[in-house]
Amino acid sequence: MRTHRRYCQPMEEALVACALDDMVLLYHRPSGQTHMVISPVPEILAALDDGVALTAGEVHAALARHYDLGTAEEAVTEIAAHLEELTALGLVGIA
């Protein structure tokens, strides 16, 4: 897992989100695919929404202001895993 990488939203208009109860549908315009996600994915994407590339640790810091994430070491590892998955899907880019 690479916690030092910087992640960002690839393009401003690449994702369209639609919330349905506890689930969020993400339509990825470049691929034409729709992804169903649950927390913490929408929150991670929101942390990256400022246009600034962040490391997993910086995403953790942003989320920790609003949520109880438990121990930082475990939370950063989980966030990094989500970021890697999102990168593989093309929903997040590496800066």
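These numbers come from the heavy atoms of this one structure, side chains and all, not from hydrogens, waters or symmetry mates.
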> When hydrophobic residues are tied together by side-chain contacts of less than 4.5 Å, even through go-betweens, does Val16 share a cluster with Val92?
Replying inline: no

> Does anything in residues 66-82 pair up under salt bridge (Lys or Arg N to Asp or Glu O under 4.0 Å), and if so which pairs, sequence neighbours excluded?
Replying inline: none

> If you round to the nearest 0.5 Å, how far is NE2 of His82 from OH of Tyr7?
Replying inline: 12.5 Å

> CE/Met23 to CG/Leu25 distance, rounded to the nearest 0.5 angstrom?
Replying inline: 6.5 Å

> Taking all non-hydrogen atoms of both residues, which atom of Ala14 and which atom of Pro30 are closest, and how far apart?
Replying inline: O-CD, 3.6 Å

> Tell me the salt bridge (Lys or Arg N to Asp or Glu O under 4.0 Å) pairs involving residues 16-29, sequence neighbours left out?
Replying inline: Glu13-Arg29

> In Å, rounded to the nearest 0.5 Å, how long is the span from CG of Leu86 to CG of Leu26?
Replying inline: 8.5 Å

Kindly list each side-chain donor-acceptor pair under 3.5 angstrom involving residues 34-46, sequence neighbours excluded, with atom names and distances?
residue: Ser39; atom: OG; partner: Glu43; partner atom: OE1; Å: 3.2
residue: Ser39; atom: OG; partner: Glu43; partner atom: OE2; Å: 3.3

>> Return the CG to CD1 distance between Leu83 and Ile94, rounded to the nearest 0.5 Å.
In response: 9.5 Å

>> Determine whether Gln9 and Leu15 satisfy the following criterion, side-chain contact (heavy atoms from CB on, under 4.5 Å), listing intermediate values before the conclusion.
In response: CA-CA 9 Å; Gln9 295 257 354; Leu15 292 177; 3.8 Å; yes

> Atom CG in Leu89, atom CD in Gln33: separation rounded to 0.5 Å?
Replying inline: 7.5 Å

Output side-chain donor-acceptor pairs under 3.5 Å for residues 57-64, partner residues at least two apart or in another chain, one line each.
residue: Glu58; atom: OE1; partner: Arg6; partner atom: NH1; Å: 2.6
residue: Glu58; atom: OE1; partner: Thr55; partner atom: N; Å: 2.9
residue: Glu58; atom: OE2; partner: Arg6; partner atom: NH2; Å: 3.2

